[in-house]
Structures are given as C-alpha cells and as structure tokens.
Amino acid sequence: MDHEQALIRRAQKGDQDAFATLVDEHQRYVYNLALRLVKDENEALDLAQETFVRAWKALPNFKGQSQFRTW
C-alpha cells in the first residue's frame, strides 16, 4: 500500500489528521483547477474548500479505483 492509499484508509476511519495531509498534498492542484475554471481567486478558494468538504463527507464511498486527485 502506498503513502496516499494509507492516508485514505486512515481518513476513511475518521482520522482527520490523515485527511488534512491529503488536503495539503492536493490543495494546490484543486485550487489551480478551480482558478482556471472560474478566473477569480476568491471564488477558486471557495470552490477548493467546498471540494474538500464534499470529499470528506463522501470518503466512505471512495473505492480506490481512481486516484484521490481525480476522484
């Protein structure tokens, strides 16, 4: 099991520190993607935050069939 998969498994069990590490590792990518879409820094920040809130809530449904980043 690689580092990211281990973090995902821990986060799925409720480990908020593991999820925070996932956020740290992917927040720049998510923010930059949102910024390209909306062309507004504040809106991109809001979208990135909402993305991670939704990811946390949906994490029990993550099956590992894709990368966390693309999920």
Side-chain angles (χ1 to χ4, degrees):
M1 181 179 305
D2 72 13
H3 171 72
E4 183 170 280
Q5 289 174 331
L7 288 172
I8 291 167
R9 298 286 181 261
R10 287 177 38 211
Q12 285 177 319
K13 294 176 183 173
D15 185 334
Q16 293 180 1
D17 291 333
F19 188 74
T21 300
L22 287 168
V23 171
D24 287 344
E25 291 177 359
H26 296 285
Q27 65 185 353
R28 181 181 304 262
Y29 173 82
V30 171
Y31 168 76
N32 285 331
L33 179 60
L35 185 60
R36 283 195 306 267
L37 292 171
V38 298
K39 311 276 193 268
D40 178 273
E41 291 178 4
N42 289 324
E43 192 172 348
L45 286 170
D46 289 344
L47 283 172
Q49 181 177 357
E50 180 64 23
T51 297
F52 287 114
V53 168
R54 288 181 183 206
W56 173 254
K57 291 177 181 177
L59 201 53
N61 299 322
F62 182 72
K63 305 286 189 250
Q65 296 172 333
S66 63
Q67 291 182 333
F68 182 76
R69 177 182 290 196
T70 58
W71 176 66

Review item, side-chain donor-acceptor pairs of residues 45-64, under 3.5 Å, at least two apart:
from: E50; atom 1: OE2; to: R54; atom 2: NE; distance (Å): 2.9
from: T51; atom 1: OG1; to: L47; atom 2: O; distance (Å): 2.7

Single hit among V38, L35, L37 for side chain to side chain contact (heavy atoms under 4.5 Å, CB included) with E43: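 Going through V38, L35, L37 one by one, the side chain to side chain contact (heavy atoms under 4.5 Å, CB included) with E43 is satisfied by V38 alone.
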Nearest atoms (heavy-atom pairs only) where A11 meets A18: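 Taking A11 first and A18 second, the nearest heavy atoms are N-CB, 3.9 Å.
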Least distance between heavy atoms, R69 atom then E25 atom: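 That closest heavy-atom pairing would be NH2-O, 4.4 Å.
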Heavy-atom check, side chain of Y31 versus side chain of E41, under 4.5 Å: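 Y31 vs E41: side chains touch.
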E4 versus H26, side-chain donor and acceptor atoms under 3.5 Å: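 Yes.
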Spatial distance of atom OG1 (T21) from atom CD1 (I8) [nearest 0.5 Å]: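 T21 OG1 to I8 CD1: 12.0 Å, rounded to 0.5 Å.
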